[in-house]
4 protein chains.
Amino acid sequence: MPRKPNTDCRRAEIITALQAVIARQGYEKASIQAIAKEAGLAPGLIHYHFKNKQEILVLLVRKLADYGQQRFEQIAAQAGSPEARLHAYLEARLGLGEGAAPDAVAAWVMIGAEAVRQKEVRDIYQQAVAQELLLLTALLGECLIAQGSDAGKAAELAAGLLAMMAGAYQLSSSAGSVMPVGYAAHAAKTYARLYLDAVPTA
Amino acid sequence: MPRKPNTDCRRAEIITALQAVIARQGYEKASIQAIAKEAGLAPGLIHYHFKNKQEILVLLVRKLADYGQQRFEQIAAQAGSPEARLHAYLEARLGLGEGAAPDAVAAWVMIGAEAVRQKEVRDIYQQAVAQELLLLTALLGECLIAQGSDAGKAAELAAGLLAMMAGAYQLSSSAGSVMPVGYAAHAAKTYARLYLDAVPTA
Amino acid sequence: MPRKPNTDCRRAEIITALQAVIARQGYEKASIQAIAKEAGLAPGLIHYHFKNKQEILVLLVRKLADYGQQRFEQIAAQAGSPEARLHAYLEARLGLGEGAAPDAVAAWVMIGAEAVRQKEVRDIYQQAVAQELLLLTALLGECLIAQGSDAGKAAELAAGLLAMMAGAYQLSSSAGSVMPVGYAAHAAKTYARLYLDAVPTA
Amino acid sequence: MPRKPNTDCRRAEIITALQAVIARQGYEKASIQAIAKEAGLAPGLIHYHFKNKQEILVLLVRKLADYGQQRFEQIAAQAGSPEARLHAYLEARLGLGEGAAPDAVAAWVMIGAEAVRQKEVRDIYQQAVAQELLLLTALLGECLIAQGSDAGKAAELAAGLLAMMAGAYQLSSSAGSVMPVGYAAHAAKTYARLYLDAVPTA
DNA sequence: AATGAATGAGAGTTCATTCAT
DNA sequence: AATGAATGAACTCTCATTCAT
């Protein structure tokens, strides 16, 4: 009778440990030894469960993307109007309120930075960005339709909003102390509101 | 016969070599060895001309910031109104037109990403961001005053615009293929235009 | 099947290797590479077992100090009077008799010399000297009390004796061939004897 | 007409620069670059005037030994009795009074430490020690003869005193803060006085 | 599955020495 | 004589990865 494999749970533990270390100390400090220590495991075990360090990172990106998707879906389910859903989305991504998961945000920023550096991370990151872009476009499209406008402008606005979000994330980590406090959610909402208002209604 | 000093030009060469390596391979790969090879120099010589790696990076950031400043001033010189100057600025930063210097942009993005990872780089990067925020705030303040509005809103808008710019930079390197082509300059101009219009005039 | 830890013995091996290299080639030549080679280990392993080179040296100093302490205690155990204990001490430190451990003496001298050069080594060395000074002062204090004198003069004599011992050590390594053979133990005993005799009894 | 060579003076300057750097920062920090900077010369010039770094050190040792010899001769010339000469000597070597030349003492200590490490320095250092031993023996011999004793014991006492002096020097640099203030001259004088008194007169 | 020791390449940095000018 | 750039080897230390147990 073979012993029950615990690989899945160990892998999850390790991924979570990477997230924690990245959020706390940055990717540079996230050595295998550090991850192992965070997870309370022996260094050698990491490479038993993962081919290499890269693989852990890839799976972490996937996990974070899934988490963001789920969080939005939760919020969106309770929203009555398209615009309420949009606000819920922006609040979920940029707000400092409950469920803000700074750990996940910090890790996400680190990964965004890492995507600039490593092709393999970049490939994964791009998929997550593309998915996010689709989601945001759909959200904005609904808003436009609800106000009787053409949904075609949604893509353009979505790209701008996404850039603003990505920038707010990055700057929160790289230059947080020189930016105003809590500007991001407000700026994004304002941008969206003004833009939507400016689109002519049919 | 004393030998003629060539430190200044060597230092410039080394800084340029760092920029090239960063743009091509990322900061991670920008080892002293790599910089030396790129510049065609012996590794030890790098440390003859610079105290440490950090110092080269600081000067590169300064160079890039100066370059951006100059490019803006060139364009702005021909601008008649505050708004024209603002457009010139956004075009200089985000536009794909002539003088776009993809090498410099790439290096800048890499440094921004590295700022997320390393405190030392972050410290340098923050200064540049703070300076940029000041410049942009002043620019927007002029626009507001020109239209008879209170300049107080400039800071808020500047932060949002800067985030959008930083995000556009980062995404151009980390997820360029999934973003619309050339959206950034347009989105930023639209955002600014709408925002300025919405501010009540005295 | 977890692997059995061997850290303790490896650390001891490395410390011993440092002692051997120092005794044979001096501290200057005691590079991590040299230590590793002496111990028959890979260089990287040294840093697996020790945080840095400094830590090895600290532990070596401690080991040598402990060794000296033990040797003294062994000899002193058989001593009946304070003066006999003092002689035992001086013999343990300066004598050429059995258990003289030239390896340890050589290492100690090298470390003393290095203490002159490097602040980090100096800090360690100072602690050992301070401890030795205390021990010697106590020993001399007992002698003074035993002869009915005031123990207050012990500190002064201890300092002089310690200097003589340190000098004898240093000269044995740096100018051994020009000094008389085995003068040190005799000179120290004579100095102590004359000094003690000169202190007035109550 | 050949230009007048200034080699001798340049060499002296460089040796003095080494002494200054050693006294201030220790031998370890006494790189060629540091010496050159201290002397206000170009690094390359050092190797024009000296074959290598070692050679400078050797000449510095010689200079310091000569200086010590001269200083003693000056003092001795004014001393009336052998014992006065001895006191003058010990004061000249260990005292903190005028003409103490802490620069020279510090450099001398560093060199003593270096003699432990490097054979070439050791060879030079030994000669200086031997010379010193002879001088001190002669001095003590005169004292013994003056009091009608056999001068044969002088060598033994000289060795002990020299060790004490060397140790006081070394400890002043390596563990100065844990030793009593100004103990050395007093201890040496006491040692000598007691010893001389103990030698039977004819 | 798991442990933890071991490896070896590569990082930044220092520096005695050489060399073109 | 003198300059100062240039070299290259050596240093300490880090770390992804492998391996014996």
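Chain letters run A, B, ... following the sequence lines, proteins first, then strands; residues in each count from 1. Quick caveat, the model's predicted, so the values are computed rather than measured.
- Residues B/Ala30 and B/Gly44 both approach DNA chain E. Their nearest nucleotides, taken by heavy-atom distance, put B/Ala30 toward the 5′ side.
- In this entry the distance linking CZ of A/Arg11 with P of E/dA2 reads 13 Å, nearest Å.
- Of the listed nucleotides (E/dG12, F/dA6, E/dA6), E/dG12 has the atom at the smallest distance from the side chain of B/Lys53.
- Taking the charged nitrogens against the carboxylate oxygens, C/Glu114 and C/Arg122 have no contact shorter than 4.0 Å, which rules out a salt bridge.
- Counting to the nearest Å, the C1' atom of E/dC15 and the CD atom of D/Gln54 are 15 Å from each other.
- Among F/dA6, E/dT7, E/dG4, the nucleotide with an atom closest to any side-chain atom of A/Pro43 is E/dG4.
- Between the side chain of A/Arg11 and the main chain of A/His49, a donor-acceptor pair closer than 3.5 Å is present.
- For the pair D/His49 NE2 and E/dT17 P, the computed distance is 16 Å after rounding to whole Å.
- One finds a side-chain N or O of D/Arg10 lying less than 4.0 angstrom from the OP1 or OP2 phosphate oxygen of F/dA2.
- C/Glu28 places its CD atom 12 Å from the P atom of E/dC15, with the value rounded to the nearest Å.
- Counted by atom type alone, B/Ser174 and A/Gln126 present zero donor-acceptor pairs between their side chains at under 3.5 Å.
- For D/Trp108 and D/Tyr125, the ring centers are positioned less than 6.0 Å apart.
- Checked by atom type and distance alone, the side chain of B/Glu55 pairs as donor or acceptor with a backbone atom of B/Lys51 at under 3.5 Å.
- Comparing E/dA1, E/dA16, F/dC19 by their nearest atom to the side chain of D/Gln33 picks out E/dA16.
- OP1 or OP2 of E/dA1 lies within a sub-4.0 Å distance of a side-chain N or O belonging to A/Thr7.
- With DNA chain F read from its 5' end, the first of the two nearest nucleotides for C/Lys4 and B/Lys4 is the one closest to B/Lys4.
- In this structure, CD1 in B/Ile14 is found 8.5 Å from CD1 in B/Ile35, a value given to the nearest 0.5 Å.
- One interatomic measurement links the two molecules: CD1 of B/Ile35 to P of E/dA11, which rounds to 11 Å at whole-angstrom precision.
- Between the P atom of F/dA5 and the CD1 atom of D/Ile32 lies a distance of 17 Å, rounded to the nearest Å.
- Rounded to a whole Å, the CZ atom of A/Phe50 is 18 Å from the C1' atom of F/dT18.
- Minimum atom distance to the side chain of C/Arg3 is reached by E/dA5, of the listed F/dG4, F/dT17, E/dA5.
- With distances taken from any side-chain atom of B/Leu45 to the nucleotides F/dA6, F/dT17, E/dA2, the minimum falls on F/dA6.
- Base pairing in DNA chain F yields stems of at least 3 consecutive Watson-Crick or G-U pairs, both distances under 3.5 Å, namely E:2-21 with F:2-21.
- For the side-chain contact (heavy atoms from CB on, under 4.5 Å) criterion with B/Ile32, the lone passing option out of B/Asn52, B/Leu45, B/Ile46 is B/Ile46.
- Checked against F/dT3, E/dT13, F/dT17, the side chain of B/His47 finds its nearest nucleotide in E/dT13.
- Distance B/Asp8 CG to F/dG4 P: 13 Å, rounded to the nearest Å.
- Nearest heavy-atom pair across B/Ser31 and B/Lys53 is CA-NZ, 4.4 Å.
- Closest-nucleotide positions on DNA chain F for A/Asn52 and D/Leu41 were compared, and the one nearer the 5' end corresponds to D/Leu41.
- Here the nucleotide nearest the side chain of C/Asn6, chosen from E/dA6, E/dA11, E/dA1, is E/dA6.
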